[in-house]
Amino acid sequence: MIHVIATIELTEGSRERFLAEFHRIIDVVRDEDGCVEYGPAIDLATSVSSAPARENVVTVIEKWTNTASLEAHLKAPHMATYRDRVKDIVRSVNIQVLSPA
């Protein structure tokens with residue numbers, strides 16, 4: 001099992017558009033071999049967090065059975081289509097791949 005945290009920084013004011021595009025691929029990704037969990041999350045302003053809520057960031061939380069499944073996911077045709085649809089509103093993507101400790 002591996003965990004993936006993808007932090008996606010968006011252009012100002014584009015989060016809702018990005019989420020609409022992202023939701024178009026969720027079911028397809030969840031049906032991929034090796035996908036255990038896949039979903040977006042946004043910052044929630046609370047007294048628990050010491051960091052301010054980021055209005056232009058979406059964090060994708062993923063779990064995969066192995067790195068081969070993750071690599072196949074990143075090469076999947078639907079992911080290329082998705083990346084093309086959001087390329088004008090994505091400023092940066094940071095992907096962390098983690099192993100349970």
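Quick caveat, the model's predicted, so the values are computed rather than measured.
With respect to the salt-bridge test (charged N to carboxylate O, under 4.0 angstrom), the residues D43 and R15 do not qualify.
Side chain to side chain, N66 and S69 meet the donor-acceptor criterion of an N or O pair below 3.5 Å. Defined by atom type and a distance below 3.5 Å, a donor-acceptor pair is present between the side-chain atoms of T11 and S14.
By the criterion of side-chain heavy atoms lying less than 4.5 angstrom apart, applied directly or through intervening Ile, Leu, Val, Met, Phe, Trp or Tyr residues, Y38 is grouped together with V90 in one hydrophobic cluster. Both V93 and I42 belong to a common hydrophobic cluster when Ile, Leu, Val, Met, Phe, Trp and Tyr are linked at side-chain heavy-atom distances under 4.5 angstrom. Under a hydrophobic-cluster definition in which Ile, Leu, Val, Met, Phe, Trp and Tyr are linked whenever side-chain heavy atoms come within less than 4.5 Å, directly or via other members, L19 and L10 are assigned to the same cluster. Note on I25 and L70: same hydrophobic cluster, where clusters join Ile, Leu, Val, Met, Phe, Trp and Tyr whose side-chain heavy atoms are under 4.5 Å apart, directly or indirectly.
Considering OG1 of T81 and CD of E21, their distance stands at 10.5 Å, rounded to 0.5 Å. Atom CD1 of I95 and atom OG1 of T7 lie 9.5 Å apart (nearest 0.5 Å). Of the inter-residue distances, the one linking M79 atom CE with E32 atom CD reads 7.5 Å to the nearest 0.5 angstrom. For the atom pair OH of Y82 and CD1 of I26, the computed distance is 9.5 Å after rounding to the nearest 0.5 Å. In this structure, I89 CD1 and E12 CD are separated by 13.5 Å, a value rounded to the nearest 0.5 Å. Separation of atoms CG (L74) and CZ (R83) is listed at 6.5 Å; rounding is to 0.5 Å.
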Give the table of side-chain donor-acceptor pairs shorter than 3.5 Å for residues 55-64, with sequence neighbours excluded, one pair per line with atom names and distance.
from: N56; atom 1: OD1; to: G13; atom 2: N; distance (Å): 3.3
from: E62; atom 1: OE1; to: W64; atom 2: NE1; distance (Å): 2.8

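Listed here is the closest heavy atom pair of P40 and F22: CD-CE2, 3.5 Å.
Two residues are said to be in side-chain contact when any heavy atoms from C-beta on lie closer than 4.5 Å; I8 and R91 fail this criterion. Inter-residue side-chain proximity for R30 and E37 is flagged as unmet; no heavy-atom pair is nearer than 4.5 Å.
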Item to complete: Starting from the C-alpha separation in whole Å, work towards a yes-or-no answer on side chain to side chain contact (heavy atoms under 4.5 Å, CB included) for V36 and M1.
Response: CA-CA 9 Å; V36 177; M1 173 82 66; 4.2 Å; yes

Discussion item. Is there a side chain to side chain contact (heavy atoms under 4.5 Å, CB included) between V4 and L98? Walk through the geometry before answering.
Written reply: CA-CA 6 Å; V4 178; L98 309 165; over 6 Å; no

